[in-house]
Each structure stands twice: as C-alpha cells, then as structure tokens.
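Counting starts at 1 for both ligands and their atoms, following the listed order.
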Amino acid sequence: MSDVGRRERVFEGAVRVLTTNHRVGTSAWLDERGALRRYEFTCPSPRSYPFQWFWDSCFHAIALTHVDLDWAKAELRSLVAGAQPDGLLPHILFWERERYLDVMRGQTLRLRGPYVSASIQPPVIALAIDRVFRATGDRGFLAEVLPRAEAFFRWLRDRRDPDGDELIAIVQPDESGVDASPKYDPLLGYPKNNDELVAAINAIYARYEQLPADEHAIVAANVFVVEDVLVNSIYAQGLQALARLSPEPEASEYGAWARRVLDALVDRCYDEERGLFLDLLGRAERRTATNTISAVFPLIVDGLDERIAARLIEHLRRPEEYALPYPVPSVARNEPAFDPDHPRGFIWRGPTWINTNWFLARALLARGDDDLAQHIADKTRELIDSQGYRECYNPLTGEGQQSRDFSWSTLVIDMPDREAR
Ligand code: GLC
C-alpha cells in the first residue's frame, strides 16, 4: 500500500468527519441581552457526544486549520462564548440541549446552569488560539477570543491553586480529560468497571452539593483533589502560548508564570528514581504510583531540562511500557491496571488515543527526536487508515474502539510527516 495513497485517504476521511460533525444553529440559551445565541462547532461524535466539549473543540480548531479557516475561528468563538462572569470556561456547552436530553441524562455531570457544566478540562485553548491566529493572521479574531482565554488562566490560578504551589488542582476525574485513568483509583475506591466508577463520581458530586458553590471550599473539602501532571503540563504549555500572543510586559509575565509551573512540576512531581512525573493525590499530595501517559507529559513544555526529557523518552522506547505495536498506550503495559480492551465507558486504562499521540509526536519533533516522532505519526496514520476515525484503539492489535467518526482523531492531519516536508 503506498504511503501517498494512505495520506490522501486519511486526509479525505478527516474532511468527511469534520464536515459531518459540524453543527450550526441557534440555541434556546439566551445571551446577556436576552437574544438567542448562535453556535458553530464540531461535536466529538454524532451519537454519543452531540455537545461542544472544551478540549475536543480546541483540537478540532487545530485540525480545521488544514481544512477550513473560517470553521476553525468559529469553533473557538463559540467555545469562548460559554465564558462565565467569573472567567470559567466550562467543559461542556449544551447548545442543542433540548434535542439530546437523553444523552445528557446518561452523563455524570456537575452543572452551573442548564446549558453549561461547572467543570474544567485541560486548558488547550491558548495553544489552539495561537495555532488559529498563526494560520489566519486575523487580529480581529485574536482580540475577540484572547481576553476570554487569559481570564480562564487567571481563574485557574485564583480558584484552583489555593495552596499557592503553582500547580492547579482538578476536583473530579473527568476534569483531566483522561477520565477513568487508573492513576486516580486510590481516591475512588479502586473501581472495577464503569458502573463502579460512575457511582464513585456521583458520590463526589453529592458531597459537592452540600458545600457552598465556591471552588476554594470544594478543594478544602478534599473529596477528590489531584494536582495532575497532564493538566499542569498543558497549563504551562498554554501559558507559553499566551506569552507568544501577548505584547510586553504581559509576554514576560506569562513566560515567568509558565516557568514557575514547570519548576513546580519538576520539584514536586518528578520521581528521580523512576524517571517519571507522578500526580499528587489529595491535599496531603501523595504521589500516585501508577505509570500512565501523564507521567511523560512534561515533554510538551518548552524548557524542560534535557536530562529529564531524555529519561522520559526512554520510557516511550521500552516495549514493556509504551513501545507497543500501536503506540502510545494510555497506561504502561507492565502496570497491573493496563487494560487494552476495556469494557465500554471504562476508558483511558490502556488504549491508544490520537490526541495524546499528537501532543507527544510534536513534542518529540521539537526536541529533535525525529525518528520516534515519525514512528508515532506513521503508526497513527496506519491505525486510522485501517480502522477509521475511532475514539481510541487497542495498542496491541490496533482494533478501533468506542465511538465512530470521532472528531479529535483528525489531529492526525497535523502530525509530523517526513514525506510531506
Ligand atoms: C470522553 C473523554 C474526554 C472527552 C469526551 C468527549 O469523556 O474521556 O476527554 O472530552 O469524551 O469526547
């Protein structure tokens, strides 16, 4: 099979998925002036995920820079239209809520209002704005969306870092985007399946209902508090994007802020013996023991010490950990919790996902590790060509899993491609 043919098929498939999942309309959700809001976004997958999810949308906008620049801008404009008065950018916007009440009922959710969740997802927004701005050069777009992203980063610092250690906390597993990752199991009573996980999350929400609707009170209650390495790596990378997008003196301020987050990751989460970064669980900040894909994520942050980066890359090269036939699995193979064939919903416990492959392949390329970057990208193209745009894939067999026509898997068209260079 020729690689040229594969590249074309993968690209055409991406255009088809992004077009099929494009949603435009008017929502019954009223804006501040009482007018109906217009939306334009890409849903993650038509049947299972019909709403606008936060980090998904950022990935969609980045993929769309190769397909349709107006759509890329519209995606982020709709996303920041969900900004709350205090600066929160919610993890889901339920634009077409009335059409999908059944899907909504099937989700475990903490809501701020009928159309918005009260949770976060990793702050990919600054990087997405940077990419769309570089592709379009549209300063009007930048002026419109950037202040909302900046306000969100301030919200994260002010509301989610009450101990002032520069690392932000998540207060329920879905906030990391890697929902059911086994790294959280000690805080959730070691769920054995999705039903047990959902019960554990619902118990967290029930506790939050009894607390004042205040982020500091929620963190102080210590029901589920994690300083998550993947989330904080994306936070630091986002601050570096804000630095690129801002004039002085803000640029230097964002740069210094990013540096403080990276230093805190190294000081507090880096396990020198294992050569991995480990999340801090609970307010007592106990390091999780599980080796998941998060543990290598500081690779995406510019300025990470070269010696530490080299140690992280060693893990990606080991067949007993991450160098599986279809890399990069969400959990190291030699972990007892590694499950390449999870039952429905119990996700991020082994399968390979395209968004994490995209982050890592680009980071490896930026660090000069062309071969590994290219290998991950080639294997990703192979997966998609043989299985289609699925939500995730079995890292041993390559079999596609979960939702079909999954939009963020189109990030493949933004991955390193030696042939196309
Ligand atoms: C799953 C993923 C989450 C994603 C959502 C919508 O819950 O774990 O990261 O945002 O689906 O695609």
Side-chain angles (χ1 to χ4, degrees), residues 17-18 20-23 41-63 75 78-79 82 89-97 100 103-110 116-125 127-128 170 172-184 188 191 194-195 197-198 200-202 204-205 226 228-231 233-234 292-294 297 328-331 339 342-359 389-393 400-412:
V17 168
L18 291 167
T20 310
N21 296 350
H22 192 65
R23 297 284 178 275
F41 71 98
T42 315
C43 71
S45 175
R47 251 182 285 155
S48 33
Y49 301 116
F51 307 116
Q52 185 169 23
W53 264 263
F54 179 81
W55 77 331
D56 299 67
S57 241
C58 298
F59 298 134
H60 304 160
I62 291 168
E75 182 90 33
S78 278
L79 191 63
L89 290 175
H91 100 297
I92 309 180
L93 305 179
F94 302 97
W95 294 109
E96 299 175 323
R97 178 180 188 276
Y100 297 106
V103 182
M104 236 178 129
R105 275 192 287 269
Q107 303 274 332
T108 41
L109 291 170
R110 192 160 74 94
V116 291
S117 84
S119 302
I120 62 162
Q121 273 190 330
V124 189
I125 182 83
L127 183 66
I170 57 166
Q172 53 101 339
D174 291 356
E175 290 202 317
S176 67
V178 296
D179 314 358
S181 174
K183 64 188 186 163
Y184 308 129
L188 299 169
N194 201 46
D195 289 346
L197 176 71
V198 168
I201 297 178
N202 282 333
I204 296 173
Y205 291 154
V226 175
D228 185 290
V229 171
L230 179 138
V231 172
S233 300
I234 292 174
T292 70
I293 198 162
S294 295
F297 244 69
V328 179
S330 39
V331 176
D339 181 0
H342 57 73
R344 206 180 143 55
F346 206 37
I347 52 184
W348 295 101
R349 302 182 75 94
T352 291
W353 295 69
I354 307 309
N355 63 335
T356 43
N357 277 8
W358 171 82
F359 271 118
Y389 282 88
R390 299 297 298 268
E391 187 168 347
C392 50
Y393 302 83
Q401 299 175 336
Q402 297 262 123
S403 301
R404 293 172 191 278
D405 288 345
F406 192 69
S407 301
W408 88 33
S409 297
T410 63
L411 279 174
V412 65

Do the side chain of Asp405 and the main chain of Tyr389 share a donor and acceptor less than 3.5 angstrom apart? no
At under 4.0 Å between heavy atoms, which part of Trp348 makes contact with ligand 1: side chain, backbone, both or neither? side chain
Give yes or no for whether the N/O distance cutoff of 3.5 Å, strictly under, is met between Ile347 and ligand 1. no
Touching ligand 1 at all, Gln121? Heavy atoms, strictly under 4.0 Å? yes
Backbone of Ser330 reached by a side-chain donor or acceptor of Thr292 within 3.5 Å: no
Going by the angle between their ring planes, with limits at 30° and 60°, are Trp53 and Phe51 parallel, tilted or perpendicular? tilted
Rounded to the nearest 0.5 Å, what's the gap from CD1 on Ile204 to CZ on Arg110? Could you check? 10.5 Å
Atom 7 (O) of ligand 1 has as its nearest protein heavy atom Asp179 OD2, 2.7 Å
For atom 12 (O) of ligand 1, which protein heavy atom lies nearest, and how many Å away is it? Asp56 OD2, 2.7 Å
Do Ser48 and Ser403 have side-chain atoms, one donor and one acceptor, less than 3.5 Å apart? yes
Show the atoms of ligand 1 that are less than 4.0 angstrom away from any heavy atom in Pro44. 12 (O)
Please confirm whether Phe406 comes under 4.0 Å of ligand 1, counting heavy atoms of the residue only. yes
For atom 3 (C) of ligand 1, the closest protein heavy atom turns out to be Gly177 O, 3.6 Å
Carefully, step by step, assess Trp408 and Trp55 under the rule side chain to side chain contact (heavy atoms under 4.5 Å, CB included). CA-CA 9 Å; Trp408 88 33; Trp55 77 331; 3.3 Å; yes
Is Trp408 close to ligand 1, meaning an N/O of one under 3.5 Å from an N/O of the other? no
Would you tell me whether Ser119 and Gln172 have side-chain atoms, one donor and one acceptor, within less than 3.5 Å of each other? yes
